[in-house]
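First comes the structure, then the notes that go with it.
From a predicted model like this one, the values you see are computed outputs, not experimental measurements. Letters go in sequence order (proteins before strands), and every chain restarts at 1.
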2 protein chains.
Amino acid sequence: MLRYSEIKNILKSHKLSVTVVRVDVLEFFIRENRALSFKDLEDEFKDSDRVTLYRTLNSFTDNGVLHKIPDDSGFATYGLCHDTCSSEDHNHDHMHFKCNKCGTIECLNLHIPPVKVPGYQVTEANLILKGICNNCAAA
Amino acid sequence: MLRYSEIKNILKSHKLSVTVVRVDVLEFFIRENRALSFKDLEDEFKDSDRVTLYRTLNSFTDNGVLHKIPDDSGFATYGLCHDTCSSEDHNHDHMHFKCNKCGTIECLNLHIPPVKVPGYQVTEANLILKGICNNCAAA
DNA sequence: TATCAAATTGCAACAAAATTGCATTTATTA
DNA sequence: TAATAAATGCAATTTTGTTGCAATTTGATA
């Protein structure tokens, strides 16, 4: 469990003012340790306004606390960024995994090897793997 | 320019009946040679009903004419499948590229190398590259 | 090619997802 | 602690996508 002071520092270091909703949402992301969708937040914070949750996700994404994970389901999910991310420099070169069984989307601690395409300038790569996650495979 | 008979054959080989809208939409995908969003279709086919275009995208995707390309913008785009795709077997192991300048999303003729994750069963991989496409880089 | 069943289309209504404006409340700074 | 700036909650609105149904079109076949 993360201490309030630590969460507060994360927000401050990303130039975000410390509010009740932001602390709760960030703590939720850290505790769950997986990518979360808007729906996940809505379910968890039933007493918060939907608009506030939308705005929280946006400010977190803008300021480098979260990154948006591409998904073909039409529902974006969000994952925690590295400490080093800021509004100036979002830097993500890790893979994502979506489990077809439990639906969980998570950030893997694996780098995407650099890809070269002749004639193209590649500055960013997003790799989303699908299959069965380690939890479901073990069960 | 693709002949009507060829487009008709593509539809038939995917078990889709040949209708005016379907022929036009498929011809548009082939002609544009890039991934298209619902909005692209809406702009192109102003006299067709929105519902019909949605249903066309869905039937094409279900029957292996198109595949959905994950995107973090929230807007799904669709790309042409290989000849071999069917409703039974969608098989895509190529990379996608999204240009930050012109916004074009395209399918690259490059395979995604297989990825292994210890403890996980990986059955599918989606790689989306971003940067500057060859057209914009040359200009 | 005429007929008929099955599928597609267009329309209207509806549902869901996301955004905007604004008054109120909360946080930050000095 | 007061003043300023930012975030929140609410209502209204826009955008996106879906559903039901009647009219039309397609595909099969006689």
[N] [atom2] sits how many Å from [X] [atom1], rounded?
| X | N | atom1 | atom2 | value |
| --- | --- | --- | --- | --- |
| B:L11 | D:dT25 | CG | P | 18 Å |
| A:E42 | C:dA17 | CD | C1' | 9 Å |
| A:L53 | D:dA7 | CG | P | 15 Å |
| B:N63 | C:dA7 | CG | C1' | 13 Å |
| A:F45 | D:dG9 | CZ | P | 12 Å |
| A:R22 | D:dG9 | CZ | P | 12 Å |
| B:K68 | D:dT16 | NZ | P | 15 Å |
| A:K15 | D:dA6 | NZ | C1' | 16 Å |

Practice item. Mark up nucleotides 19-30 of chain C, 5' to 3', with B wherever a protein heavy atom is under 4.0 angstrom from a base atom, S wherever such an atom reaches only the sugar-phosphate, and - elsewhere. Key: BBB-----SS--

Check your understanding: Any ion pair linking B:D72 and B:K130 (charged N to carboxylate O, less than 4.0 Å)?
Key -> yes

Point to revise | Check: B:H96 side chain, B:I128 main-chain N or O, donor-acceptor pair, under 3.5 Å | key: no

Exercise for review: Ignoring hydrogens and angles, state whether a donor on the side chain of A:N58 or A:T61 is under 3.5 Å from an acceptor on the partner side chain.
Suggested key: no

Review point. Between the side chains of A:R34 and A:T77, does any donor sit under 3.5 Å from an acceptor?
Key: no

Review point. By the rule that ILVMFWY residues connect when side-chain heavy atoms come within less than 4.5 angstrom, directly or transitively, which residues belong alongside B:L129?
Key: A:M95, A:F97, A:L108, A:L110, A:I112, A:V115, A:V117, A:Y120, A:V122, A:L127, A:L129, B:M95, B:F97, B:L108, B:L110, B:I112, B:V115, B:V117, B:Y120, B:V122, B:L127

Check your understanding: For the rings on A:F38 and A:Y54, is their centre-to-centre separation under 6.0 Å?
Key -> yes

Review point. How do B:A76 and A:D49 order along DNA chain D: which one's closest nucleotide is nearer the 5' end?
Key: A:D49

